[in-house]
Structure formats: structure tokens, C-alpha cells
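First listed ligand is number 1; within each ligand, the first listed atom is number 1.
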Amino acid sequence: MSIQTKIHDTADLVAQSAAQTIATLIRKKPNAVIGLATGSTPVKTYAELIHLHRENNLSFAKVTTFNLDEYWGLDGDHNQSYRHFMQDLFFNRIDICTWNTHVPNGKAVDPALEGKSFEAQIRASGGVDLWLLGIGHNGHIAFNEPGSTINSRTRQVDLTQTTIEANTRFFQNQDDVPRKAITAGIATILDARQILLLATGSAKANAIKQALQDQPTSQSPASFLQTHANCTFMLDKEAASQIA
Ligand code: F6R
């Protein structure tokens, strides 16, 4: 098994190609179960999907979604919560039923129970058909930071200093950035029938090289994707620049 790579000239073309892949799945299977990510990278893909919804009758009415992660301690109404991000940039602009959208609850009383319940909801939906991912500078996928194991499942995690620093841009100051998150695990992601990881920009080039070329290792959580039978990395030229 190996990861397929598709390299496009620009980030816009990556987004168009990713959106087409998702649209093709939904047209074939209107009740598809789709895993989603937040962060900057997929924003253009969501904009493309909104465009396909408005201009090309792509309907999400029967689609179910699961998001990778949520900051621990933030209510879904908080303007930096991942639930808010998804509502604002995607869900409120398409015909998806909110009750079919799942984002881990960052305010759950018991994180272990929330993790189990999230996994149970994925199972009850029939499993994820396609999971859209981004990648952190340190090779994290979702909030599975270096050190995460291939068997990890949805759980509460501590964010690393580099991730806190990378996420500071969205908050007033670094002290406001949550230190913990609830995240789907690597095993949760690997259960998806198809995985599509997007990376754009030269800042991701090293993480992409390690994910593709290192032996699968906890030091580069994205390298565990090499063990998946149907995983594609869609990259722009900059993110692909260190691939041998
Ligand atoms: C977001 C997520 C993270 C991001 C990653 C890259 O739900 O799970 O792993 O995909 O941190 O973030 P951006 O796209 O902002 O560079």
C-alpha cells in the first residue's frame, strides 16, 4: 500500500480537484458520510463545494458529516470553536441538515465518554466514506500530535507548543488559545474507506516529505496513512517541493 500523490500548480486547483472528488462521491452516494477538517487549508475546498451546491445542484440534504476535532473548553457558539467555523464557512451555506453534522463536543462533562460516543456515532452511520484532512507543520493529522499511536481513538489531548503557536493567529493572544482538544484518533481516521489529505504552501513541504518517505512512525503521525489502502495527498507545487 502506498499513498497516491496528485500535484497541482496552485492551491486553487487543489481545492477544485478536492471539491470534485467529494462531489463525485455525493452524486454517486447521496447519503455519503464525509469526514471534515477545519484550519485554513480546506477553506477553498468548502468554497468550491458551496459553488457546486449553488450552481450545479449538488445537494448535501442526505449527507452526514463528522469533523475531526474541537478545542476543549470551547462551546460550539464560541467564535473560535470548530463548530462555529464549520457553520460559518460551510454548513450554513449548503442544504445540509445540522443534526447530520457531528463535531466533538468541547464542553462535554466527561471527555472519555464523549470520545466513545463520537466513535459510536461514526459506527452507527455506517462508517466514513471519505475523510478530508489537513496536515500540521509537525506532521499532525487532526490533533494527533507526534507521539500519537496508530491505535489511537477519539480522546482528549494536550496541544503541543508549536500547534498552540500556529493557532495563535486566530485568537487575540496566545494565552487565549486552548491547551487541550478532543480529537479523532489515528485509528478513527484509518477506518475511513477513502482518505484525502490536502496540503498547500512551502511550510508544509517537510511534513509532506516525512509523511510519504519515513517509515510509519509516531514522530510523523501522517506517515501512518501509508498503511491505508486508498489514501491520496493532493498538493500544490510548494507543498510537494521536497518530495524526491
Ligand atoms: C483541523 C485539523 C488540523 C489541521 C492542521 C493544518 O481540523 O485537524 O490537523 O488540518 O493543523 O491546519 P491548516 O490547514 O490551518 O494549516
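A salt bridge links Asp129 to Lys29: at least one charged side-chain nitrogen sits closer than 4.0 Å to a carboxylate oxygen. Salt-bridge formation is not detected for the pair Lys107/Asp75: no Lys NZ or Arg NE/NH1/NH2 atom is positioned less than 4.0 Å from an Asp or Glu carboxylate oxygen.
Scanning the protein for heavy atoms near atom 14 (O) of ligand 1, the closest one is Thr41 OG1, 2.5 Å. Closest protein heavy atom to atom 1 (C) of ligand 1: Thr38 OG1, 3.2 Å. Protein heavy atom nearest atom 16 (O) of ligand 1, with residue, atom name and distance: Lys204 NZ, 2.6 Å. Nearest to atom 10 (O) of ligand 1 among the protein's heavy atoms is Gly134 CA, 3.4 Å. Of the protein's non-hydrogen atoms, Asp69 OD2, 3.3 Å is the one closest to atom 2 (C) of ligand 1. Protein heavy atom nearest atom 6 (C) of ligand 1, with residue, atom name and distance: Ile135 O, 3.3 Å. Summary of contacts: the protein heavy atom closest to atom 11 (O) of ligand 1 is His140 NE2, 2.7 Å.
In this structure, Phe85 has its ring center no closer than 6.0 Å to that of Phe91.
Scanning Ala142, Ser40, Ala222, Ala184 for the heavy atom closest to atom 9 (O) of ligand 1 points to Ala142.
Against a heavy-atom cut-off of under 4.0 Å, Leu68 is close to the following atoms of ligand 1: 8 (O). Less than 4.0 angstrom separates some heavy atom of Gly39 from each of these atoms of ligand 1: 14 (O), 15 (O).
Judged by the shortest distance from any of its heavy atoms, Arg169 lies inside the 4.0 Å radius around the atoms of ligand 1.
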The test is salt bridge (charged side-chain N to carboxylate O under 4.0 Å, His left out); show your working for Arg179 and Asp158 and say whether it passes. CA-CA 6 Å; Arg179 268 41 187 174; Asp158 294 319; over 6 Å; no

Determine whether Phe60 and Phe90 satisfy the following criterion, ring-ring contact (aromatic ring centres under 6.0 Å, His included), listing intermediate values before the conclusion. CA-CA 11 Å; Phe60 295 80; Phe90 193 34; 5.6 Å; yes

In sequence, state the C-alpha distance, the side-chain angles, and the governing distance for Thr188 and Phe66, and then conclude on side chain to side chain contact (heavy atoms under 4.5 Å, CB included). CA-CA 11 Å; Thr188 320; Phe66 288 91; over 6 Å; no

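Between Asp95 and Ser59, the side chains place a donor N or O and an acceptor N or O closer than 3.5 Å (distance only, hydrogens not considered).
Screening residues 109-123 for salt bridge (Lys or Arg N to Asp or Glu O under 4.0 Å), with sequence neighbours left out, gives Glu119-Arg153.
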